[in-house]
Amino acid sequence: MPELPEVETVVRSLRPLLVGRRITAVALPSLESNGSGGRVLRRLLNEPAAAFQKGLCGARVEEIRRHGKNILIELRREGKHAARTCLLVHLGMTGRLQFEAIAEPLRPHTHLIFSLDAPGCWLHFSDPRRFGKLRLIEDGVRDLPALGPDPMEISREDFYARLHSRRAMLKSLLLDQRFLRGLGNIYADESLSRARLHPAAIGAALSRGQVARLFESIRDTLAQAIVLGGSSISSYVDAQGRAGWFQQVHQVYGRTGEKCFRCGSLIHRMIIASRSTHYCPRCQRAGRPLAPKAGPPGKGAR
DNA sequence: ATCGGTACCTGCACGC
DNA sequence: TGCGTGCAGGTACCGA
């Protein structure tokens with residue numbers, strides 16, 4: 001679900017109802033209902049559940065930001081133990097933060113419920129596959145994993161310098177959060193398609209013009225996806241339950257065997273960095289590695 | 001530095 | 001209907 005545009009959409013949908021609110025309690029339904037709940041929460045939280053609850057209760061939400069695919073909920077605790085803290089939420093593959101009326105039936109795999117000082121409004125965190133994580137960190141960004149620059153903030157020159165020093169395949173680079181933060185499988189494929197670059201092309205081998213095309217494509221793709229509220233494949237929705245629309249304009253992702261909108265060729269699928277990679281073999285030739293010379297003479301590699 | 005493989009999980013679509 | 005298989009938007013870790 002959650003790459004940069006989806007996380008940005010969630011952040012924007014969280015703000016109106018969450019900023020300024022106080023967290024009054026944190027309930028852990030999976031701990032109560034399920035024998036393996038303790039193990040689930042240990043993986044999700046990486047600290048004892050009681051300490052996590054204590055760190056959040058009474059804290060007021062000051063601001064919500066995005067850092068790559070991480071959601072940063074900036075908090076201030078008042079009173080005797082006044083302090084600034086930050087709740088980092090990574091949605092993993094299937095994590096969902098959603099406002100609910102508590103009376104509604106609990107969505108399966110709801111692991112946390114944040115009570116707020118707002119009537120009739122609770123924030124639920126659910127995550128069927130449990131690849132998500134929540135971390136309480138003191139004092140902001142210091143403890144975050146070292147991530148690369150944000151694709152919407154990096155300059156064209158810096159992007160060129162970073163890309164030109166790398167000998168990895170473009171798809172691998174775009175998925176690498178230390179190279180650039182926020183892209184995932186969908187937006188890597190979609191950006192490469194719009195830039196008309198082959199996913200297996202080598203970063204260092206691109207011309208200045210090709211790098212510029214990739215730079216613009218990434219920004220345009222992400223910007224358009226944010227406007228459309230992200231891509232809703234299977235179950236993604238924002239904090240108010242609204243689906244995104246960007247999947248309607250996917251050019252290659254999830255379109256294996258369908259016709260390219262530009263040239264009519266069939267979209268191919270290959271594996272790079274052990275991830276499904278979708279591309280048009282005709283439009284995305286630029287930078288393609290040379291075909292192996294294998295095969296009997298006269299049969300020329302295609 | 002880079003890559004492939006594996007691991008972590010559940011849910012779903014599919015073919016038989 | 002039920003079963004097995006493969007696949008899914010995430011990261012982290014290991015060994016080569």
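Every chain is numbered from 1, with letters handed out A, B, ... down the list of sequences.
- A salt bridge is absent between A:Arg194 and A:Glu216; no separation between the charged side-chain nitrogens and carboxylate oxygens falls under 4.0 Å.
- Here A:Arg269 reaches the OP1 or OP2 of C:dA8: one of its side-chain N or O atoms lies under 4.0 Å away.
- Partner assigned to B:dC9 is none, using Watson-Crick or G-U wobble distances below 3.5 angstrom.
- For the pair A:Ile271 CD1 and B:dT6 P, the computed distance is 13 Å after rounding to whole Å.
- Taking only distance into account, the side chain of A:Arg167 never meets the base of B:dA1 through a donor-acceptor pair shorter than 3.5 Å.
- Between the side chain of A:Arg130 and the base of B:dC9, no donor-acceptor pair under 3.5 Å is found.
- A donor-acceptor pair shorter than 3.5 Å cannot be found between the side chains of A:Glu3 and A:Tyr236.
- Remark: ring of A:Phe131 overlaps the six-membered base ring of B:dC8 in a stacked fashion, centroids less than 5.5 Å apart, planes less than 30° apart.
- Between A:Lys171 atom NZ and B:dC3 atom P the separation is 13 Å, expressed in whole Å.
- Side-chain proximity of A:Lys133 to the nucleotides C:dA12, B:dC3, B:dC9 is greatest for C:dA12.
- Rounded to whole Å, the separation between the P atoms of B:dC9 and C:dC3 comes to 24 Å.
- If you check B:dG11, C:dA8, B:dC3 against the side chain of A:Ala168, the one that comes closest is B:dC3.
- For the residue pair A:Asp127/A:Thr94, the side-chain donor-acceptor check at 3.5 Å is satisfied.
- For B:dA1, neither phosphate oxygen OP1 nor OP2 lies less than 4.0 angstrom from any side-chain nitrogen or oxygen of A:Arg166.
- The phosphate of C:dG10 (OP1 or OP2) has a side-chain N or O of A:Lys69 nearer than 4.0 angstrom.
- As judged by a 4.0 angstrom heavy-atom cut-off over every strand, A:Arg178 is placed among residues making no nucleic acid contact.
- For A:Pro128, taking side-chain heavy atoms from C-beta onward, the closest of the listed nucleotides C:dG10, B:dT10, B:dC9 is B:dT10.
- In this structure, A:Arg96 places its CZ atom 14 Å from C1' of B:dT10, rounding to the nearest Å.
- Distance A:Ile202 CD1 to B:dT2 C1': 10 Å, rounded to the nearest Å.
- With contacts defined as side-chain heavy-atom distances shorter than 4.5 Å, the pair A:Phe159/A:Leu180 qualifies.
- Along DNA chain B, the nucleotide closest to A:Leu173 and the one closest to A:Ser274 are compared, and the more 5′ of them pairs with A:Leu173.
- We find that CZ of A:Arg255 is positioned 17 Å from P of C:dA8, with the value rounded to whole Å.
- One atom, CD1 of A:Ile272, and another, C1' of B:dT2, lie 14 Å apart when rounded to the nearest Å.
- The interatomic distance linking A:Leu175 (CG) with B:dG5 (C1') rounds to 16 Å, in whole Å.
- Note on A:His109: every side-chain N or O is 4.0 Å or more away from OP1 and OP2 of B:dC9.
- Using a cutoff of 4.0 Å between basic side-chain nitrogens and carboxylate oxygens, A:Arg219 and A:Glu153 are not scored as salt-bridged.
- Phosphate contact (OP1/OP2 of C:dG10, side-chain N/O of A:Arg275, threshold under 4.0 Å): present.
- Between A:Phe99 and A:Phe114, the distance separating the two ring centers is not shorter than 6.0 angstrom.
- Rounded to whole Å, the distance from CZ on A:Arg129 to P on C:dA8 is 10 Å.
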